[in-house]
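Numbering of residues begins at 1 and proceeds along the displayed sequence. Atom set for the values below is all heavy atoms of this structure, side chains included, hydrogens, waters and symmetry mates excluded.
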Amino acid sequence: MSSLTMRRFIAMACIAGLPGLVHADADSEREALARISYELQQLQAQIAEASKQAPSGQRVRFRYDWLLRDLALVRQGVDEHLDAPEQPRPVPPLRGDYRQ
């Protein structure tokens, strides 16, 4: 697989989950991000397999290790967002004094 093809494949894999995020509520966004994380995990496995099949001794070789590191960083960012506690909604302050 050429590097241009690989970049297009990665871009398409990442973009595949984005259309549902445009008008999503918090739960559906979390589901979409979890799906993206899972797809990135599957993509990392495919890339690891491709790196094992890469021919050796080429003058110019594809840096699968760099690609895996970048994908791991992206996936880590998604997972950290998913694992972060949800922010509480702002609540208007109570009046407290009910006498006139």
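The distance from the CG atom of L33 to the CG atom of L82 is 5.0 Å, given to the nearest 0.5 Å. Interatomic distance, Y64 OH to Q44 CD, rounded to the nearest 0.5 Å: 15.0 Å. Atom CD of residue E29 and atom CD1 of residue I36 lie 9.0 Å apart, to the nearest 0.5 angstrom.
With sequence neighbours left out, Q58 forms a side-chain contact (heavy atoms from CB on, under 4.5 Å) with P55, R61. With sequence neighbours excluded, the residues satisfying side chain to side chain donor-acceptor pair (under 3.5 Å) with Q76 are E80. For D70, the salt bridge (Lys or Arg N to Asp or Glu O under 4.0 Å) criterion is met by no residue, not counting sequence neighbours.
Between V78 and S37 the shortest heavy-atom distance is CG1-CB, 4.1 Å. Summarising the geometry of R30 relative to H81, their closest heavy-atom pair is NH1-O, 4.0 Å, with the distance given to 0.1 Å.
Taking the side chain as every heavy atom from C-beta outward, D79 and R75 approach each other to under 4.5 Å.
A distance-only check finds a donor-acceptor pair linking the side chain of S51 to the backbone of A48 [under 3.5 Å].
Side-chain heavy atoms closer than 4.5 Å link hydrophobic residues (I, L, V, M, F, W, Y) into clusters, and following such links, even through other members, never connects L71 to Y38.
Sorted by first and then second residue, the salt bridge (Lys or Arg N to Asp or Glu O under 4.0 Å) pairs involving residues 41-59 (not counting sequence neighbours) form an empty list.
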